[in-house]
Amino acid sequence: MADATDGAPVAGPDDPWAPLRARVLEEVGVRLEHRGAVLDPGWLLAQLEAPAQPPADLALALHRPAKSLGQRPDELARALAEEISALPGFERIWAAGAYLNFAADGAALAEATLARVFALGAGYGHGPAEPGAVSVEHTSANTTGPFHIGRVRNAIIGDTLVRVLRARGHPVTSQYYVDDVGRQAAIITWIWSKPRASWPPEIAGDPTEVGEAAPTKEDHVLGAPYPAAAAYLKSHPDAAEEVQELSRQLEAGREPAGHRALAERILSGMLASLARLGIGFDEFVWESSFLHDGSVEAVLGRLAKSPHRFVEENGAESIDGSAYGLPKDNQHIIVRRSDGTSLYVTRDLAFHLSKFARFPRVVDVLGADHLLHARTLEALLEEIGEPRRPEFVLYAYIQAPGGGKMSTRGGTAVWLDDLLGEAVERARGEVLKRRNDLSEAEVSEIAEKVGAGAIRYSILRVAPEKAVQFRWEEALSFEGKSGPFLQYAFARASSLLRKAERAGGPYPYYVAELSTEWERALLRTIARLPSVVSYAARSGHVHAVATFAHDLAEEFNRFYNEVPVLKAETGRESRLALVAAGRQALGNTLELLGLEPLERM
RNA sequence: GGGCGCGUAGCCUAGUCUGGAUAGGGCACCGGGUUCCUAACCCGGCGGUCGAGGGUUCAAAUCCCUCCGCGCCCGCCA
């Protein structure tokens, strides 16, 4: 993704903190400049975005500017604190050692925050429309069987990125790249093109129990023989040759009957599982389309003009990529096989050129195991003189429960459908434990959303580059840093408004009545949402939103615990307004993460 | 062997890009909290050589170097 330092940190007009930062920046910047301090403008802003020590909201460490002035930092801090004794929006400005601290005027911040939340509603935390269309390609799993949770990290991160970019105002197209011409696509078609009775016993007699979770789902049913078939081909050259021939036919556009339909049936099963997690796609891009429309040949033609391109003795075409900083053993890039067919990287190159033609910004969510492919793709883009590059969001594959790679045949793979089933069942148990006033339909609905939320959040709460081992207890955790924890806070807020019969507003308030430490803390956190979303959208670090979501829910729960609302002696209306604002902010955050905000649970 | 990434309490994790004031959370464990708004909660306690060593700096979890451990990759697979 784009470097987070690109451009000035964006503070949308909905960011309640933005004017405060700008004011400090201005006041301090002018004074430091006047004294002759040398500093780059980004530095001050970065300082202000870092967390400050309570009760300060914003803080500046003055060591650096003091040094450039040849002055002691604590003296500089004191001098500045004296000069800037008052600033609109702040109730206190003081020096603490080498730090210049600023405490926001709680009432003013509360006013600014509530006003923005109520004015923007579901749009609070988002941003103004941005002109640049973005393509986000994610998931793109081969249609050879159901999802196991190793790959689902891709879908969850990708879908969340789509949501965050959309929120930030970008027109986003999510794309699923369907491989229907590669070897794996050939294998699945090969096995199903034969009558089941004629399958070799190694395949027919080795039913990988993929059907256990959802015995009638087509991805499970149709994907069942794939692992055994793939293994069988390794030791049976004659069969492998049949698959090879099939590959060539696919490449040439001579699809056997039922090929596409088979992929679509498996895909629909896979998508049904993703849909339960709130994940969908705008476009499915079939890899074969780049063969059919001639764009693969076109790109091979462009590569052919390169001085680095060679035709090997056996007819294969390759590029000498030694100029592009690839690892030593990976600089010889084959772009066409000796039998004339294309390779994944060549087709992907054609795909990316088609993306660049439509989208100014192109993002690929990729497993870290595809990093070399990504580097190779970049090298080839350079080779044909294409200046644009995709931004890569990389994630580490989730490891099997005992460690190591998830393997279908090794029995270490955990199916998404199994995980979903277990999560929903557990959620149902939790709901029934504490509610007896809900209809069966409501219980099912809640259990589904809670289970899905737990799974999504368990993935999102960890930075994508961390290689995590799958653990049932963690994925199914409903307490602490979990999806249900977030949803629960939302449900509590919803309940308060419902009981006050104010679910639809209006929410009149006096900020002076929101003066307890818990109310102020909650407001400060609500006010952070816009800058968090902005950061996530420009950096691609969507898990910053997940981290924030927990902060917000936690702050709401503290407030809920300490401050009576419905039974408030005074300031009931104002507190209801705060509840409504917290609910709105949390709901918006949940939507970004793809967790269902639940009215009750 | 080479490339990339990761290493923070018993376990999991934020913070690392942009170096700053006592390193935030969660699980587990211990102790509290509900005649009252959903206890899927809150409060307190316990627990840290931020993998090791060196360097840069007024200041290092954060930047640089070396080493160790772990993960991923190094196909005319995708």
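Every chain is numbered from 1, with letters handed out A, B, ... down the list of sequences.
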Rounded to whole Å, how long is the line connecting atom [atom1] of [X] with atom [atom2] of [N]?
{"X": "A:L250", "N": "B:C77", "atom1": "CG", "atom2": "P", "result": "14 Å"}
{"X": "A:F392", "N": "B:G5", "atom1": "CZ", "atom2": "P", "result": "15 Å"}
{"X": "A:N330", "N": "B:G75", "atom1": "CG", "atom2": "P", "result": "6 Å"}
{"X": "A:H370", "N": "B:A78", "atom1": "NE2", "atom2": "P", "result": "10 Å"}
{"X": "A:Q53", "N": "B:G15", "atom1": "CD", "atom2": "P", "result": "19 Å"}
{"X": "A:K405", "N": "B:G71", "atom1": "NZ", "atom2": "P", "result": "13 Å"}
{"X": "A:F559", "N": "B:C42", "atom1": "CZ", "atom2": "C1'", "result": "14 Å"}
{"X": "A:I333", "N": "B:G75", "atom1": "CD1", "atom2": "P", "result": "13 Å"}

Which nucleotide sits closest to the side chain of [X]: [options]?
{"X": "A:E562", "options": "B:C17, B:C42, B:A78", "result": "B:C42"}
{"X": "A:N561", "options": "B:C43, B:G33, B:A78", "result": "B:G33"}
{"X": "A:E554", "options": "B:G26, B:C41, B:C77", "result": "B:G26"}
{"X": "A:Y344", "options": "B:A78, B:A39, B:C41", "result": "B:A78"}
{"X": "A:D329", "options": "B:C74, B:C77, B:C41", "result": "B:C74"}
{"X": "A:A96", "options": "B:C41, B:C12, B:A21", "result": "B:A21"}
{"X": "A:R183", "options": "B:C77, B:U13, B:C58", "result": "B:C77"}
{"X": "A:F485", "options": "B:G2, B:C42, B:A14", "result": "B:C42"}
{"X": "A:P327", "options": "B:G1, B:G3, B:U13", "result": "B:G3"}
{"X": "A:S495", "options": "B:G25, B:C58, B:C37", "result": "B:C37"}

Start at the 5' end of RNA chain B and walk down; is the nucleotide closest to A:A316 or to A:Q399 reached first?
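The residue closer to the strand's 5' end, by nearest nucleotide, is A:Q399.
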
Using the closest heavy atom to pick a nucleotide of RNA chain B for each, name whichever of A:L60 or A:S342 lands nearer the 5' end.
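Result of the comparison: A:L60.
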
Quick one: is [N] close enough that its OP1 or OP2 comes under 4.0 Å of any side-chain N or O from [X]?
{"X": "A:R72", "N": "B:C58", "value": "no"}
{"X": "A:R64", "N": "B:C58", "value": "no"}
{"X": "A:K466", "N": "B:G7", "value": "yes"}
{"X": "A:R492", "N": "B:A39", "value": "yes"}
{"X": "A:H541", "N": "B:G15", "value": "no"}
{"X": "A:R471", "N": "B:U13", "value": "no"}
{"X": "A:K67", "N": "B:C58", "value": "yes"}

Looking at [Y] and [X], is there a salt bridge between them, counting it only when a charged N and a carboxylate O are closer than 4.0 Å?
{"X": "A:E479", "Y": "A:R426", "result": "no"}
{"X": "A:E430", "Y": "A:K433", "result": "yes"}
{"X": "A:R347", "Y": "A:E287", "result": "yes"}

Short side-chain to backbone donor-acceptor contact, A:T412 and A:S407, under 3.5 Å:
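Yes: the side chain of A:T412 pairs with the backbone of A:S407.
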
A:E245 side-chain N/O to A:A240 backbone N/O, donor-acceptor pair under 3.5 Å
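Checked: no pair found.
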
How is A:N101 classified with respect to the nucleic acid when contacts are heavy atoms under 4.0 Å: base, sugar-phosphate, or nothing?
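Base contact - A:N101 has a heavy atom under 4.0 Å of at least one base atom.
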
Using the [atom1] atom as the reference point in each nucleotide, state the distance between [N] and [M] in Å, no decimals.
{"N": "B:C64", "M": "B:A28", "atom1": "C1'", "result": "39 Å"}
{"N": "B:C30", "M": "B:C67", "atom1": "C1'", "result": "40 Å"}
{"N": "B:G48", "M": "B:A52", "atom1": "P", "result": "14 Å"}
{"N": "B:C6", "M": "B:U62", "atom1": "C1'", "result": "15 Å"}
{"N": "B:G3", "M": "B:C65", "atom1": "P", "result": "12 Å"}
{"N": "B:C37", "M": "B:G15", "atom1": "C1'", "result": "35 Å"}
{"N": "B:C50", "M": "B:G24", "atom1": "P", "result": "14 Å"}
{"N": "B:G33", "M": "B:U49", "atom1": "P", "result": "33 Å"}

A:W286 side chain reached by A:D179 side chain, heavy atoms, under 4.5 Å
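A:D179 vs A:W286: side chains apart.
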
Opposite nucleotide pairing with [N], Watson-Crick or G-U, both atom distances under 3.5 Å:
{"N": "B:C72", "answer": "B:G3"}
{"N": "B:G44", "answer": "B:C30"}
{"N": "B:C63", "answer": "B:G55"}
{"N": "B:A23", "answer": "none"}
{"N": "B:U49", "answer": "none"}

Provide the full list of salt bridge (charged side-chain N to carboxylate O under 4.0 Å, His left out) pairs with a residue in residues 452-474 of chain A, sequence neighbours left out, each pair given once.
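For residues 452-474 of chain A, and leaving out neighbouring residues, the salt bridge (charged side-chain N to carboxylate O under 4.0 Å, His left out) pairs sorted by first residue read A:D159-A:R456.
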
Could you give the distance from CD (A:Q399) to CD (A:Q469), rounded to the nearest 0.5 Å?
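Between atom CD of A:Q399 and atom CD of A:Q469 there are 6.0 Å.
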
Looking at B:A78, does its base get a donor-acceptor pair with the side chain of A:D369 below 3.5 Å?
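Between B:A78 and A:D369, which were checked side chain against base, a qualifying N/O pair under 3.5 Å is absent.
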
At less than 3.5 Å, do the side-chain atoms of A:K481 and the base atoms of B:G25 form a donor-acceptor pair?
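Side chain to base: pair found, below 3.5 Å.
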
What do you reckon, are the aromatic ring centroids of A:Y176 and A:H138 less than 6.0 Å apart?
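Ring centroids of A:Y176 and A:H138 are no less than 6.0 Å from each other.
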
